[in-house]
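Within every chain, numbering begins at 1; the chains are lettered A, B, ... in the order of the sequence lines, protein sequences first and strands thereafter. All figures in this text were calculated on a predicted structure; none of them were measured in a lab. Note: hydrogens, waters and symmetry copies are ignored here, and every other heavy atom, side chains too, is used.
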There are 2 protein chains.
Amino acid sequence: MQAQAAIAMVDRPHPFLRQASTNAAASGGRAAKELRLARGRALFYEGDRVEHFYEILSGTVRCCRIIHDGRRQIYRFVGQGGMIGLGCQDRYGYSAEAVTDVVARRHRLADLDAAMAADDAMRRGVLQALRDELAATRAQMLLLGRMSAAEKLASFLLALAGESADPDACIELPMTRSDIADYLGLTIETVSRKLNELRLLGVICLDTPTRVRITDLDRIEAIAEAA
Amino acid sequence: MQAQAAIAMVDRPHPFLRQASTNAAASGGRAAKELRLARGRALFYEGDRVEHFYEILSGTVRCCRIIHDGRRQIYRFVGQGGMIGLGCQDRYGYSAEAVTDVVARRHRLADLDAAMAADDAMRRGVLQALRDELAATRAQMLLLGRMSAAEKLASFLLALAGESADPDACIELPMTRSDIADYLGLTIETVSRKLNELRLLGVICLDTPTRVRITDLDRIEAIAEAA
DNA sequence: CGTCATCTTGAGTACGATCAAGAGGGGTGG
DNA sequence: CCACCCCTCTTGATCGTACTCAAGATGACG
C-alpha cells in the first residue's frame with residue numbers, strides 16, 4: 001500500500017484509457033475486469049497468447065525475460081497509470097510479475113483495435129504510448145551498453161525521483177536489489193556497493209535499504225550525466 | 001552496391017508501403033521523394049523535428065545516439081526494406097547515418113497518419129511494424145545487459161545470417177568494427193579478438209575482415225544460446 | 001609509392017563478477 | 001513475548017572478462 005508510491009506516484013490516467021473503457025461499454029463489450037495480484041504472482045508469462053492489455057491501478061509490475069541458465073533481464077518497471085501489453089503481438093515476449101501487491105485493470109486488445117479504428121484521438125493516444133515505450137526502451141539500451149555501474153545507479157534513482165510528484169522527497173524502492181540488478185545489467189553486490197558509495201559521497205541518504213533520499217541533486221545528475 | 005546485401009537481402013517491401021505511396025498519391029500528397037546518401041552522411045540528426053519517415057531501398061543505415069564524452073550506442077542497423085522514423089515523435093531521438101551508400105524513399109508522416117485513419121490494413125501494418133521494432137529493441141536489451149562478448153558476437157552474426165536469403169552464404173559486413181562495437185556494447189579490440197577466437201574455434205571463416213562465413217552453425221548457435 | 005583509415009595483436013589494468021561469510025529485519029510459531 | 005528462521009542486504013577477498021593504451025599489419029585510394 002505504500003511501496004508502490006515510488007513509481008509513478010502521479011495520478012494521471014492514460015489519455016486514451018477512459019475512452020477505452022467507455023467505448024468497450026458502449027459497443028457492448030464486457031466491462032474491463034479488475035485483477036488483484038499478490039506480490040510475486042504473474043499477470044502473464046512469456047509465450048502466453050496475447051488477448052489482453054493491462055492498466056496498473058496500484059503497485060509495481062516488472063516486465064522481464066529469463067533465459068535457460070537463469071540470467072534475467074528486466075525490461076521495465078510499470079507503476080500506477082502504466083500500461084502493459086500494448087506493444088505485444090500474438091505472444092507476449094516477456095513475463096509480467098507483481099513486484100508489490102498489485103491492482104490492475106484488464107482490457108481486451110480487440111476492443112482497443114476497434115476503438116482505434118473508430119476514434120482518431122484514441123489511435124493517436126495508443127501510437128503515442130507505443131512511441132513513448134520505444135523511446136524509453138532505447139534510453140535503457142544506452143544505459144545497458146555504455147554506462148558504468150555508478151552512472152546506471154544514478155540514472156535509475158533520478159528516473160525514480162522524476163516520476164514522483166515531489167522532487168526531493170524520499171524514494172521508496174518497491175523492488176529488491178536483485179530486481180534493480182537485473183534491470184541495470186549488474187549483480188546485487190554491485191548495486192549494494194555502488195549505492196553505498198553514493199551514500200559515502202553524500203549524494204544520497206539510505207534511511208533503510210528501501211528508502212532513499214537524494215541529498216545532492218547536482219552531484220547525482222553530474223554522475224548520471226549521460227542522458 | 002554489394003555491401004548492403006548483408007542486411008536484409010530479401011526484397012520484401014513493407015506490407016503497408018505500397019499502400020502508403022498509393023494513398024499519398026491518391027490523396028493529392030506530393031510523391032514520396034527519393035534520396036541518395038553517400039557513406040557517412042546523415043538522413044537526419046537527433047533532435048531534428050520529425051516530419052518524415054524513411055524507407056531504405058538499398059544500403060545500410062545506423063540509428064545511433066552519441067553522448068557528450070563521445071560514447072556511442074547504435075540502436076539498430078536498417079537495411080533494404082527497413083523503415084526508419086515510424087517510432088519517433090516530435091523530435092528524433094537518434095541520428096540516422098549511412099553506413100554504406102544509401103538510397104532511401106522519404107514519406108510524410110502526416111500522410112501516414114491520414115492513411116492509418118482511412119485504412120484498417122494500413123493501421124495494422126504500422127502497428128505491427130512498431131511492435132516488431134519494440135520486440136527487436138527488447139531483444140537487444142537482453143543482449144546488452146546479460147550476454148558475454150562471445151555471445152554478443154555469435155548472436156550478431158546469426159542475426160545477420162538470418163536476414164540473408166541464403167542460410168550459410170557469406171555474410172558481407174557493411175559496417176566497421178567500431179560500428180559493431182557500439183551496437184553490441186563492446187570495444188573494437190574486443191570485437192576483433194572475439195571474432196578471431198570464433199575463427200580459431202572453427203566456427204566462422206574470415207575471408208576478409210568484412211567477409212564472414214559461418215562454418216559451424218550448431219556451434220555458433222550453442223555459443224549464442226540465449227535467444 | 002605514400003598516406004590514411006581500419007583492423008589486429010600484445011601487455012597491463014580495472015571494473016564488475018564471483019564466491020563466501022555475516023548482519024539486519026520481518027514474520028511465524030512456541 | 002521471545003526465539004528462531006528465512007530472506008534480503010551488506011561487506012570482504014579474489015578472480016576474470018573486457019577495457020585501455022600502444023604498436024604494428026593490412027588494405028584502399030590517390
Subject >> Along DNA chain D (nearest heavy atom to each residue), the more 5'-positioned of A/Arg146 and A/Arg199 >> reply: A/Arg199
Original post:
Closer to the 5' end of DNA chain D via nearest nucleotide, is it B/Ala149 or A/Ser192?
Top reply: A/Ser192
Between [X] and [N], is there a contact of a side-chain N or O with OP1 or OP2 at under 4.0 Å?
{"X": "B/Asn196", "N": "C/dT9", "value": "yes"}
{"X": "B/Thr187", "N": "D/dC19", "value": "yes"}
{"X": "A/Lys152", "N": "C/dG16", "value": "no"}
{"X": "A/Arg193", "N": "D/dT10", "value": "no"}
{"X": "A/Thr176", "N": "D/dT8", "value": "no"}

Round to the nearest Å and state the distance from [X] atom [atom1] to [N] atom [atom2].
{"X": "A/Met175", "N": "D/dT8", "atom1": "CE", "atom2": "P", "result": "15 Å"}
{"X": "B/Glu189", "N": "C/dG12", "atom1": "CD", "atom2": "P", "result": "16 Å"}
{"X": "A/Leu186", "N": "D/dC9", "atom1": "CG", "atom2": "P", "result": "14 Å"}
{"X": "B/Arg39", "N": "C/dC4", "atom1": "CZ", "atom2": "C1'", "result": "12 Å"}
{"X": "A/Ile188", "N": "C/dG22", "atom1": "CD1", "atom2": "P", "result": "17 Å"}
{"X": "B/Arg177", "N": "D/dA25", "atom1": "CZ", "atom2": "P", "result": "18 Å"}
{"X": "A/Asp182", "N": "D/dC9", "atom1": "CG", "atom2": "P", "result": "12 Å"}
{"X": "B/Leu195", "N": "C/dT6", "atom1": "CG", "atom2": "C1'", "result": "14 Å"}

Original post:
Out of A/Gln80, A/Arg105, A/Arg106, which one pairs with A/Glu55 under the side chain to side chain donor-acceptor pair (under 3.5 Å) rule?
Top reply: A/Arg105
Original post:
Is the closest basic N to carboxylate O distance between A/Arg91 and A/Asp48 below 4.0 Å?
Top reply: no
**OP:** Would you check if the side chain of A/Asp182 reaches a backbone N or O of A/Gln73 as a donor-acceptor pair within less than 3.5 Å?
**Re:** no
Original post:
Under 3.5 Å, side chain of A/Ser155 to main-chain N/O of A/Glu151, donor-acceptor pair present?
Top reply: yes
Original post:
Relative to the 5' end of DNA chain C, which residue comes earlier, A/Thr190 or A/Pro209, by the nucleotide with the nearest heavy atom?
Top reply: A/Thr190
**OP:** Report which part of the nucleic acid B/Ser148 touches: base, sugar-phosphate, or nothing (heavy-atom distance under 4.0 Å, all strands).
**Re:** sugar-phosphate
Original post:
Under the criterion side chain to side chain contact (heavy atoms under 4.5 Å, CB included), which of B/Leu198, B/Asn196, B/Asp216 is the partner of B/Ile204?
Top reply: B/Leu198
